[in-house]
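Right, one structure below, let's go through it.
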Amino acid sequence: MEIIAFKSNMQQSVGDFFEKCFSAVGIPYSPMDRHADIADVEQHYMRNGCFWCLVDNEVLIGAVAVRIIDI
């Protein structure tokens, strides 16, 4: 296992991962609405923070992110 910073070629894996996570707890995944930040990690996290992925044998198994929010 390793933690790596998000790369744009990982976007589909991130979307698939979060869709599975939300589905597991009964929350619909809405990448065009409520979860638009996850659908475009580069825009929402990599410019104002960072998004890290936990991968095991090149399979995404976890994620964490930090970003600056203007109040």
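Since this is a predicted model, take the numbers as computed values, not measurements.
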**Asked** Under 6.0 Å between ring centres, would you say that holds for His44 and Phe51?
**Response** no
**Request:** Check the pair Asp37, Gln43 against side chain to side chain contact (heavy atoms under 4.5 Å, CB included), reporting the backbone distance first and the verdict last.
**Result:** CA-CA 8 Å; Asp37 61 326; Gln43 174 69 32; over 6 Å; no
**Message:** Show the nearest heavy-atom pair for residues Glu42 and Ser8, with the distance to one decimal.
**Reply:** OE1-CB, 4.2 Å
**Asked** Do Met46 and Met10 belong together in a cluster built from hydrophobic side chains that touch within less than 4.5 Å?
**Response** yes
**Complete:** For Met1 and Ile61, the nearest pair of non-hydrogen atoms, with its separation, is SD-CD1, 3.5 Å
**Prompt:** Taking side chain as C-beta onward, heavy atoms only, is His35 less than 4.5 Å from Asp33?
**Reply:** no
**Prompt:** If two hydrophobic side chains count as joined below 4.5 Å and joins carry through other members, does Trp52 share a cluster with Ile38?
**Reply:** no
**Item:** Step-by-step side chain to side chain contact (heavy atoms under 4.5 Å, CB included) determination, Lys20 to Tyr29
**Value:** CA-CA 8 Å; Lys20 288 177 190 174; Tyr29 178 57; over 6 Å; no
**Complete:** NZ (Lys7) and CD1 (Ile4) are apart, to the nearest 0.5 Å, by 4.5 Å
**Prompt:** Quick one: does Leu60's side chain get under 4.5 Å of Val14's, heavy atoms only?
**Reply:** yes
**Asked** Would Leu54 and Tyr45 show up in the same hydrophobic cluster when neighbours are defined by side-chain heavy atoms closer than 4.5 Å?
**Response** no
**Prompt:** Should Val66 and Cys50 be marked as a side chain to side chain contact (heavy atoms under 4.5 Å, CB included) after you check the CA-CA gap, both sets of side-chain angles, and the distance that decides it?
**Reply:** CA-CA 6 Å; Val66 175; Cys50 197; 5.8 Å; no
**Request:** For Arg34, look at atom CZ and say whether over 12 heavy atoms of other residues, nucleotides or ligands are found less than 6.0 Å away.
**Result:** no
**Asked** To the nearest 0.5 Å, how far apart are OG in Ser13 and CD in Glu58?
**Response** 10.0 Å
**Request:** Answer yes or no: are there more than 12 heavy-atom neighbours, outside Ile3 itself, under 6.0 Å from its atom CD1?
**Result:** no
**Asked** If Ile, Leu, Val, Met, Phe, Trp and Tyr residues are connected whenever their side-chain heavy atoms lie under 4.5 Å apart, and connections chain through other members, are Ile69 and Val64 in the same group?
**Response** no
